[in-house]
Every structure is written in C-alpha cells, then in structure tokens.
Amino acid sequence: MRPLDEQETTVVFEKLHKFTGNNLKNIVENPSHEGTEPNPGRYCFRLHKNKVYYVSDSLVKRATNVARSNLVSLGTCIGKFTHGGSFHLTVQSLGLLSPNAKHKVWLKPTSEMSFLYGNHVLKGGLGRITENIVPGDGVVVYSMSDVPLGFGIAAKSTQDCRKLDPNGIVVLHQSDIGEYLRMEDEL
C-alpha cells in the first residue's frame, strides 16, 4: 500500500471531478473521526494492487503492522487502474459520489430494474434531471425516493432531453448497485 504518485493523483482527481465538480474539495478535506486520536484526521487515497482506496490516516498508520502480501483491502475501494493506465470508478465509490454529485438524474420506478440490470437510462424512464448537464458529464442516478442506484455519463444535454423521443439514451451506464450481486466474486 503506497500513496498515489502525481500522475495517478491527477487521473483519479480528474475522474472524480467529472462527477463532483467543485465538491471534490469536500471529499479531500473530509475529517476522519476514527481511531483513538482526539483530533480528527483526514482521509487519503492509497494504491494497492492497482486498486485505489479512500482510507483514513489513522487506519493507514495501523495497517503498517500488516505485511503487504497479507493485506487484502483497506478502507473503501473507489476504483482501479487498468493495464493501459486509465482509471475506472467502481460501484463502491457511489458512497462518495452521491452526497457530492454535481449532476443528478432520477428514474421512474418502472425503469429502475432495467438500470440495475446494467442497461442505459432511456428518456422514457427519466423522472427528473438537474439543469445545465452537458454531454460527457458524470451523472449520479437516483430512484424517485432519493436512493442512489449508480452512475454514468450523460449522453444528451438537459435541453436535448426535453425534445428526445422516449427510446433515446439519456445516460450511458457505467456502474450500479446491482453489480454487488452480478459481480460478487470480483468485488
């Protein structure tokens, strides 16, 4: 387990900024209230076996007693680096993205299951959408009862969604909470 180098940090922060915008500082400056220390620590990003973890400083200090070969996981795995060097967010990062999301989409109850099976969000299943979404922006997908279901990339702007036919794709699926069941062995 090691800290991210400068290039890795840039790639991770660019991906997180795509979904959170200026709220990225809330993730970076989030105080940690774990451990025996009276003063709250900070959260940091650590790399272990091509996976990026969001973990408190106090937990990192305590994990130094564990050999790297014996360490399986530490903190919250928010994503992983591919062999090509690109960074992909995993479904576990939804806990960080949802409270800090810049752009949000709410699904009608009839289309929630379709999204949870890994399908894109169609205009016909769209309940609400935040303003000023541009194609390519990161979007967090919610149910109408404000339960975060996953995230994806906006395929159309907010204005284009209004005049789109019901079968048009609004959000390209990237990850959803159904992956906890579908990819149980890999997570």
Please step through side chain to side chain contact (heavy atoms under 4.5 Å, CB included) for the pair L149 and E112, ending with a clear verdict. CA-CA 8 Å; L149 300 176; E112 287 178 13; 3.9 Å; yes
Show your reasoning for whether side chain to side chain contact (heavy atoms under 4.5 Å, CB included) applies to V105 and V140. CA-CA 6 Å; V105 165; V140 177; over 6 Å; no
Run V52 and L4 through side chain to side chain contact (heavy atoms under 4.5 Å, CB included) and show every step you take. CA-CA 8 Å; V52 177; L4 301 176; 4.2 Å; yes
Show the numbers, then the answer: is there a side chain to side chain contact (heavy atoms under 4.5 Å, CB included) between T158 and N132? CA-CA 6 Å; T158 306; N132 303 325; 5.8 Å; no
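Counting only residues at least two apart or in different chains, ring-ring contact (aromatic ring centres under 6.0 Å, His included) contacts with residues 53-79 comprise Y43-Y54, F45-Y54. Note on residues 72-85: pairs passing side chain to side chain donor-acceptor pair (under 3.5 Å), not counting sequence neighbours, are T82-S86. Applying the salt bridge (charged side-chain N to carboxylate O under 4.0 Å, His left out) definition to pairs two or more places apart or across chains, those involving residues 154-163 are E131-R162. Among residue pairs with one or both ends in residues 4-25, those qualifying as side chain to side chain donor-acceptor pair (under 3.5 Å) are R2-E8; sequence neighbours excluded. For residues 152-173, the set of pairs meeting the ring-ring contact (aromatic ring centres under 6.0 Å, His included) definition, not counting sequence neighbours, comprises F115-H173.
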Review item, side-chain donor-acceptor pairs of residues 96-104, under 3.5 Å, at least two apart:
residue	atom	partner	partner atom	Å
S98	OG	L94	O	3.0
N100	ND2	L96	O	3.0
H103	NE2	D137	OD2	3.2

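Legend: residues meeting side-chain hydrogen bond (donor to acceptor under 3.5 Å, both in side chains) with S175, ordered by chain and number and at least two apart, are E179. Residues passing the side-chain contact (heavy atoms from CB on, under 4.5 Å) test with K49: none are found, sequence neighbours excluded. V11 pairs by the side-chain contact (heavy atoms from CB on, under 4.5 Å) definition with F81, F87, not counting sequence neighbours. With sequence neighbours excluded, the residues forming a side-chain contact (heavy atoms from CB on, under 4.5 Å) with D146 are W106, R128, listed by chain and number. Applying the side-chain contact (heavy atoms from CB on, under 4.5 Å) rule to S145 yields the partners S143, V147; only residues at least two apart in sequence or on another chain are considered. Partners of N50 according to the side-chain hydrogen bond (donor to acceptor under 3.5 Å, both in side chains) rule, which considers only residues two or more places apart in sequence or in another chain, do not exist here.
Placement of Y142 and Y117 within a single hydrophobic cluster is found when ILVMFWY residues are connected by side-chain heavy-atom separations under 4.5 Å, directly or transitively. One hydrophobic cluster holds both V171 and M144 under the rule that ILVMFWY side chains link at heavy-atom gaps under 4.5 Å. M113 and F151 end up in the same hydrophobic cluster when Ile, Leu, Val, Met, Phe, Trp and Tyr side chains are linked at under 4.5 Å. In terms of hydrophobic clustering, with Ile, Leu, Val, Met, Phe, Trp and Tyr side chains grouped at heavy-atom distances under 4.5 Å, F19 and V28 are assigned to a common cluster.
Under the 4.5 Å side-chain criterion, counting only non-hydrogen atoms from C-beta, L47 is not in contact with M1.
When every heavy atom of T90 is checked against every heavy atom of G79, the shortest pair comes out as OG1-N, 3.6 Å. Of all heavy-atom pairs spanning G138 and I153, the tightest one is CA-CD1, 4.3 Å. Taking both residues in full, the closest heavy atoms of L116 and D176 are given as O-OD1, 3.0 Å, listed atom of the first, atom of the second, then distance.
The CG atom of N30 sits 12.0 Å away from the SG atom of C44 when rounded to the nearest 0.5 Å. Note that NZ of K51 and CG of L74 are 13.0 Å apart. Values are rounded to the nearest 0.5 Å. One finds the SG atom of C161 at 6.0 Å from the CG atom of L164 (value rounded to the nearest 0.5 Å).
For S114 (side chain) and S111 (main-chain N/O), no donor-acceptor pair under 3.5 Å exists by modelled atom type.
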